[in-house]
Amino acid sequence: MKTFFASRRRLATAGLLLAGFAVLSSQQTAAPKKGLKDYYKDYFPVGVAVGRAQLQGPEAALIKQQFNSVTPENAMKMGPLHPEENRYFWADADAIVDFAQANKLRVRGHNLLWHEQTPRWLFKNADGSRVSKDVLLKRLHDHIFTVVKRYQGKIYAWDVVNEAIADNPQEFLRNSEWYQICGDEFIAKAFEYAHEADPKAQLFYNDYNTERPEKRERIFKLLKQLKDAKVPIDGVGLQGHWSLQEPTEPELRAALDQYASLGLKVQITELDVSIYPWEKDRRAKRPDESDAYTPELARQQAAQYKMFFRVFRDYKKVLTGVTFWNVSDKYSWLDTYPVAGRKNYPLLFDQNQQPKQAFWEVVQF
Ligand code: G3I
């Protein structure tokens, strides 16, 4: 008798498990009926970084279905947008803004000042010597006025200054050409010029590794200095180039608490979850380096994404946007960084624009 009931129980349990698995796997192979933007409509806009190449075909369809905000991945950076002092290249940036307008997507502008992707002419006089602080600030002013005014009313938020904090924990500001020529003044000036050009645009400072405690303190110090000096800054962008290893939940919560304590809006501006540990220095690919996206990596990544979005929902009063850096695993900047020839799989959609396990974890709450 006992054996009869025990085996019936075992059968019932197996049945339940199978049914559960069937529900999960049918859901995981199904196309999502709603977009991330719909699941999160009571929380925050969900955005994605795009280039012109993604504005047509299956990726464009996915963008329209899933997101309600876009950020130009490269098109609005000073190098591509302003290649010569008296020449702007608007075609790519305009195409993205037009696509957004046509499809009722918000646009985050990225970015007005960065140490990377700067045009060659920017820091030099005609004779090749280095420009003075006055000349550089005038160039910055003219650039910001031209760009911000062109998209006034179409771009609701700008990353005004990107990555001004040094990588070396012993230093405060990055020793960039901006810093070498202007000292720390370029930061406040960039915000002032942007505010003057479009008083309604929300202005952000944007950086990476913003949850690592020592860098968090240095970023906090900069933001506090700007707030105390009444510089027109509205928020801080946490890029969110994260991995299976970091940040931990306590680190993420501590960062959101600390930045929000300044009364700033917080956005996650460049989210992706690398399957490799974070590294900065470019290097050659090692012969033994596998780039297989194993089921175990997919599981760990889904668990990370699940945790991140649980925390984001808890901070709905502080977080005013979450943007992914690239559309699907078909193309990620991490495919070539910091090692070329090694594929990464950091997003919620696979190489065929199908939702991954991580997608379902993010939308089930
Ligand atoms: O446009 C040129 C093209 O003319 C040339 O033929 C080609 C050859 O390599 O390069 C093209 O430029 C590349 C550019 O992306 C556009 O595709 C650059 O080499 C490449 O370095 C550049 O990478 C971008 C990177 O910023 C620059 O540092 C990535 O796409 C972009 O995703 C990345 O984005 C940054 C954020 O702006 C700030 N936070 C970090 C994030 C990731 O690095």
Side-chain angles (χ1 to χ4, degrees), residues 47-55 59 63 67 69-84 87-93 95-96 107-120 122 143 147 155 157-167 174 176-178 187 190 203-212 215 219 235-243 246-247 266-283 321-347:
V48 62
V50 299
R52 223 175 155 173
Q54 284 92 44
L55 303 183
E59 283 172 305
I63 293 167
F67 302 97
S69 175
V70 289
T71 302
E73 182 184 6
N74 287 300
M76 286 186 190
K77 293 169 181 171
M78 208 169 181
L81 189 62
H82 195 169
E84 290 169 45
R87 183 169 70 87
Y88 284 82
F89 173 72
W90 297 113
D92 291 356
I96 294 169
V107 185
R108 294 192 86 258
H110 175 86
N111 54 53
L112 296 172
L113 188 158
W114 192 21
H115 63 283
E116 278 187 38
Q117 287 176 296
T118 52
R120 240 176 267 161
L122 180 63
H143 175 80
V147 176
I155 289 191
W158 275 100
D159 289 328
V160 177
V161 175
N162 197 36
E163 304 173 2
I165 296 290
D167 284 322
R174 183 186 298 277
S176 64
E177 279 173 287
W178 290 106
I187 300 177
L203 305 182
F204 283 76
Y205 174 74
N206 192 49
D207 213 330
Y208 58 87
N209 289 347
T210 44
E211 305 71 32
R212 290 188 177 175
K215 188 161 174 187
I219 295 171
V236 55
L238 317 187
Q239 292 185 1
H241 292 300
W242 294 336
S243 67
E246 63 175 331
V266 183
Q267 296 200 348
I268 310 296
T269 54
E270 307 184 13
L271 181 59
D272 44 26
V273 178
S274 171
I275 62 163
Y276 310 104
W278 194 87
E279 47 182 344
K280 169 98 182 154
D281 296 322
R282 283 177 191 267
R283 60 173 173 80
V322 173
T323 290
F324 288 85
W325 207 245
N326 300 131
V327 181
S328 74
D329 288 349
K330 181 177 166 195
Y331 158 70
S332 156
W333 72 286
L334 290 166
D335 291 342
T336 51
Y337 184 92
V339 191
R342 181 187 73 173
K343 179 84 187 125
N344 208 325
Y345 307 85
L347 298 159

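Atoms within a ligand are numbered from 1 in the order they appear, just like the ligands themselves.
- Shortest contact from atom 16 (C) of ligand 1 to any protein heavy atom: N74 ND2, 3.7 Å.
- When hydrogens are left out, the protein atom nearest atom 27 (C) of ligand 1 is Q117 OE1, 3.3 Å; that is the closest non-hydrogen contact.
- At a heavy-atom cutoff of 4.0 Å, ligand 1 is contacted by the side chain of N162 but not by its backbone.
- Heavy-atom contacts of E116 reach the following atoms of ligand 1: 27 (C), 28 (O) (cutoff under 4.0 Å).
- Under the 4.0 Å distance rule, the nearest protein heavy atom to atom 29 (C) of ligand 1 falls inside the cut-off.
- Considering every non-hydrogen atom in both A75 and P80, the closest pair reads O-CB, 4.5 Å.
- Look at Y337 and you'll find every heavy atom at least 4.0 Å from all atoms of ligand 1.
- Atoms of ligand 1 lying under 4.0 Å from at least one heavy atom of E163, given by number and element, are 38 (C), 39 (N), 40 (C).
- Protein non-hydrogen atoms do reach within 4.0 Å of atom 38 (C) of ligand 1.
- Ligand 1 lies nowhere less than 4.0 angstrom from a heavy atom belonging to Y208.
- Protein heavy atoms are absent from the 4.0 Å sphere centred on atom 13 (C) of ligand 1.
- Between W90 and Y88, the ring planes are parallel. Angles under 30° get that label, and only those over 60° would be called perpendicular.
- Counting all heavy atoms, side chain and backbone alike, T269 lies closest to G237 at CG2-CA, 3.7 Å.
- Between M76 and A93, the closest heavy-atom pair is CG-CB, 3.9 Å.
- Of the residues listed (I96, D92, L81), the one engaging P72 in a side-chain contact (heavy atoms from CB on, under 4.5 Å) is I96, and it is the only one.
- When each of L112, V107, N111 is paired with W158, the side-chain contact (heavy atoms from CB on, under 4.5 Å) condition holds for L112 and for no other.
- When every heavy atom of V327 is checked against every heavy atom of A49, the shortest pair comes out as CG2-O, 4.1 Å.
- A perpendicular orientation is assigned to the rings of H241 and W325, their planes being inclined by more than 60° (bins at 30° and 60°).
- Under the 4.0 Å distance rule, the nearest protein heavy atom to atom 6 (O) of ligand 1 falls outside the cut-off.
- When distances from atom 42 (C) of ligand 1 to the protein are checked, a heavy atom turns up under 4.0 Å.
- Inside a 4.0 Å radius of atom 3 (C) of ligand 1 there is not any protein heavy atom.
- Near K77, meaning under 4.0 Å from one of its heavy atoms, ligand 1 places the atoms 26 (O), 31 (C), 33 (C), 34 (O), 35 (C), 36 (C), 37 (O).
- Considering backbone and side-chain N/O atoms, E270 comes within less than 3.5 Å of an N/O atom of ligand 1.
- Listed by number with element, the atoms of ligand 1 under 4.0 Å from a non-hydrogen atom of Y331 are 30 (O).
- Other residues, nucleotides and ligands place no more than 12 heavy atoms under 6.0 Å from the CZ atom of R120.
- For atom 18 (C) of ligand 1, the nearest protein heavy atom lies 4.0 Å or farther away.
- Closest to atom 21 (O) of ligand 1, if we only count protein heavy atoms, is R282 NH2, 4.6 Å.
- Between R212 and E246 a salt bridge is recorded (basic side-chain N to carboxylate O distance below 4.0 Å).
- Put simply, atom 33 (C) of ligand 1 has protein non-hydrogen atoms near it, under 4.0 Å away.
- If you check which protein heavy atom lies closest to atom 31 (C) of ligand 1, you get E73 OE2, 3.4 Å.
- Salt-bridge formation is not detected for the pair E163/K280: no Lys NZ or Arg NE/NH1/NH2 atom is positioned less than 4.0 Å from an Asp or Glu carboxylate oxygen.
- With hydrogens and angles disregarded, a donor-acceptor distance shorter than 3.5 Å links the side chain of K343 to the backbone of D329.
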